[in-house]
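Sequence positions, counted from 1, serve as the residue numbers for this chain. Worth saying up front: this structure is predicted, and the values here are computed from it rather than measured.
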Amino acid sequence: MIVQISDGTVFFGANDVFEHIDFTVNENERIALVGRNGSGKTTLLKVLTGECELSSGQLIKANKTVISYLKQNALNNCTDTVREVFDDVFRDIKDLEKQLEEVQKQLESDHDEKLIEKYSRLEEEYKYLGGYSYQSEMMSVLNGFGFTMEDLDRNVSSFSGGEKTKIAFAGLLLSKPDLLLLDEPTNHLDLSTIEWLENYLSKYKKAMVIVSHDRTFIDHTVNVVYELEYGGIRRYAGNYSSFVEQKKNDLIRQEAAYRRQQKDIKRLEELIEKFRYKKNKAAFAQSKIKYLERMEKIDDPKKADTKSFKAHFVCGVRGGKNVLSLDHFQVGYDVPLAEVTLEIHKGDRICVMGDNGTGKSTLLKTIIGQLEPLGGYMMLGHQIEIGYFDQNLADFKSGNTVLEELWNEYPDLDMYKVRSVLGAFLFTADEVFKEVNVLSGGEKVRLSLAKLMLKKANFLILDEPTNHLDIISKEALENALNEYDGTILFVSHDRYFIKKIATSCLVIDKDKVTYYPDGYKDYIDVKVKEELQKDKEPKEEKMPLKQLKQRPKYNIGRLENEISLMEDILEDKRALRYEPEYYQDMNKMRELDEEIDEIHNQIHALEEKWEEAMKYEEKKNR
């Protein structure tokens with residue numbers, strides 16, 4: 001056990017965030033916290049860091065446990081270079097390097113046994129802390145977040161706010177705390193970075209707790225799911241898909257148990273009613289009343305808190321079959337970011353994918369006329385009306401109330417219709433009189449979607465529509481868009497959402513634009529084929545590994561030669577980590593790390609054979 005909350009309750013004012021919960025993090029567990037917005041996930045993380053105190057209950061931590069939490073704006077006032085930031089992360093290793101250098105100098109003139117032992121002890125500690133690999137790992141992580149070798153000597157203040165967060169995130173990963181806490185780690189990351197982070201965290205050797213609404217991401221990274229619901233918490237073993245299946249089965253069992261209990265309650269109430277006024281049966285009836293009072297009631301699963309907004313997108317006019325034509329359509333600012341040739345037809349649902357900075361949002365803004373094209377041709381189809389959702393709508397400011405904000409945009413609607421639409425998007429009772437400025441990101445997104453629905457456009461252009469939505473709200477949006485009979489062009493990094501909605505994908509890379517007519521599966525199939533093709537290419541360096549497996553088992557001399565050969569290969573491979581060809585290419589670095597791991601395993605296997613051979617020789621010579 002690393003950390004544990006026992007019978008924990010947190011309340012603010014008269015409202016309980018959660019109450020009487022038990023939560024445990026064990027070594028090497030990778031945990032996802034899931035639940036609706038406002039269910040207490042971030043509060044729970046703050047309790048673990050000590051930033052928020054339990055109102056009642058206990059927080060228990062193992063001795064010397066290091067817990068690290070990624071804070072937004074962590075490096076906003078930093079005046080160091082990126083290299084200096086990471087020098088702080090590796091301070092212990094750097095100190096050991098200095099000590100090793102000092103002892104090594106002493107050993108040149110003094111071969112004292114205690115000095116040799118000290119050097120050996122320091123080297124073991126240095127090796128244990130990752131001293132021989134920390135530089136290559138640092139570059140691998142920085143490269144994963146999109147930074148280069150040259151960025152190491154740039155001042156942190158010269159980076160954007162998002163880039164500063166990535167640098168802080170990289171430092172947090174490299175510091176390898178006993179417990180890593182991540183709150184929405186995929187926010188503002190592009191798809192390739194999310195996939196890299198996913199791969200990194202899936203192999204993370206220590207414990208972590210993740211709050212995320214990215215279903216694919218948590219599915220690929222965690223082995224335990226805790227769900228916060230109704231102020232309580234429940235633990236599920238397995239990843240997100242396993243959790244969904246387990247919860248589904250739990251609800252089926254709960255519904256059966258609820259029906260049985262309700263049947264039993266009805267039977268007991270009939271008995272009580274029948275005998276409570278008869279003198280000779282009054283005691284019997286009274287005992288049944290007490291039994292009913294003590295009975296722990298099972299909740300009706302049909303009344304579970306799955307309430308979400310109900311959107312119904314419709315087309316005001318049908319519009320033509322040809323929705324949009326782009327021919328060598330160039331988008332960008334001073335220079336083109338991308339050139340797109342594409343035909344969009346009625347009913348298409350096209351996802352625009354690609355890394356940050358490749359021009360995805362720029363393409364959408366140019367199509368709707370917010371930006372001027374840099375070249376090429378665009379033709380909008382007959383009677384095509386565009387409805388646009390901007391990813392920055394969650395940050396918009398307004399002194400209007402929710403009611404005024406919607407009504408001002410659609411003044412011809414009567415009060416009943418406006419209140420009805422707002423109610424469908426979960427703005428009920430006095431919530432419609434809240435000022436827009438005090439709404440959460442998720443609430444602003446819901447209000448923006450309500451406006452979009454009323455527009456009745458037949459061509460929806462959506463830029464990151466799932467940002468700030470919890471999982472239940474994402475599912476509600478997926479259902480609404482799947483029922484929509486118009487055309488959709490959207491940008492998203494949410495792979496689960498893409499798979500649910502997209503019929504085809506347009507992928508914008510730095511050097512090309514590729515259209516995948518059969519959707520996300522088509523895109524993944526092509527990527528897999530490319531990876532398999534790379535694997536089939538002959539790699540000379542791997543030949544010795546195959547040859548080694550065919551060597552005799554108990555020949556000590558040959559085993560020693562093989563171990564020596566493998567150690568030479570290992571050193572050569574390690575040296576490649578410092579070559580720009582590798583540390584500037586995330587995929588090559590990952591392949592290299594896998595080869596190094598394979599060689600390590602091979603050396604270990606050979607050493608076991610050598611030990612076995614030595615024991616055999618000793619027995620033979622007795």
Side-chain angles (χ1 to χ4, degrees), residues 1 3-26 31 33-41 43-44 47 52-60 224-238 242-308 310 423 426 428-431 470-472 475:
M1 183 273 290
V3 64
Q4 184 178 69
I5 294 172
S6 177
D7 196 29
T9 296
V10 171
F11 57 82
F12 299 125
N15 299 319
D16 285 338
V17 181
F18 49 74
E19 54 183 339
H20 306 297
I21 69 164
D22 294 317
F23 177 78
T24 302
V25 182
N26 296 310
I31 295 170
L33 279 178
V34 301
R36 299 197 65 132
N37 287 341
S39 61
K41 301 184 297 295
T43 301
L44 182 52
V47 168
C52 173
E53 289 188 0
L54 290 169
S55 305
S56 66
Q58 273 188 307
L59 174 65
I60 305 158
V224 175
V225 174
Y226 275 93
E227 183 185 32
L228 278 158
E229 190 177 37
Y230 312 120
I233 197 166
R234 184 161 185 183
R235 177 187 171 99
Y236 295 84
S242 175
F243 151 71
V244 170
E245 193 62 31
Q246 288 179 67
K247 186 168 184 188
K248 179 181 169 185
N249 292 332
D250 284 350
L251 287 173
I252 292 170
R253 285 191 290 269
Q254 185 182 342
E255 188 173 354
Y258 172 78
R259 284 201 306 268
R260 286 195 301 270
Q261 189 181 67
Q262 289 300 306
K263 189 176 179 181
D264 197 31
I265 289 170
K266 185 180 178 183
R267 180 182 62 80
L268 289 169
E269 286 174 341
E270 288 172 352
L271 282 173
I272 291 165
E273 192 61 32
K274 183 177 180 181
F275 295 116
R276 71 189 305 171
Y277 300 114
K278 295 184 178 180
K279 288 183 180 180
N280 60 338
K281 294 289 186 180
F284 168 79
Q286 200 62 36
S287 71
K288 295 302 175 189
I289 291 171
K290 288 179 179 178
Y291 175 76
L292 270 180
E293 288 172 350
R294 291 194 304 269
M295 182 184 286
E296 187 175 336
K297 303 295 191 296
I298 298 169
D299 293 325
D300 183 356
K302 290 179 180 176
K303 292 181 180 178
D305 184 20
T306 56
K307 182 176 69 171
S308 189
K310 292 180 175 59
L426 306 184
T428 57
D430 290 342
E431 287 181 332
D470 59 28
I471 290 173
I472 289 175
E475 290 171 349

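- Using a 4.5 Å heavy-atom cutoff, the side chains of Glu255 and Leu251 are not in contact.
- When all heavy atoms of Val10 and Cys52 are compared, the pair lying nearest together is CG1-SG, 4.3 Å.
- Around the CG atom of Asp430, the shell of radius 6.0 Å holds no more than 12 heavy atoms that belong to other residues, nucleotides or ligands.
- In this structure, the side chains of Lys41 and Leu44 stay at 4.5 Å or more apart for every pair of heavy atoms.
- In this structure a side-chain-to-backbone donor-acceptor pair under 3.5 Å is present from Asp470 to Asn37.
- If you look at Tyr226 and Phe23, their ring centroids are closer than 6.0 Å.
- Smallest separation of non-hydrogen atoms from Tyr258 and Ile298: CD1-O, 3.2 Å.
- Of the possible donor and acceptor atoms, none in the side chain of Ser39 sits under 3.5 Å from a partner among the backbone N and O of Glu229.
- A distance-only check finds a donor-acceptor pair linking the side chain of Ser55 to the backbone of Phe11 [under 3.5 Å].
- With hydrogens and angles disregarded, a donor-acceptor distance shorter than 3.5 Å links the side chain of Gln261 to the backbone of Glu296.
- Side-chain N or O atoms of Glu431 include one that pairs as donor or acceptor with a backbone N or O of Thr428 at under 3.5 Å.
- Taking 4.0 Å as the cut-off between side-chain N and carboxylate O, Asp250 and Lys247 do not count as a salt-bridged pair.
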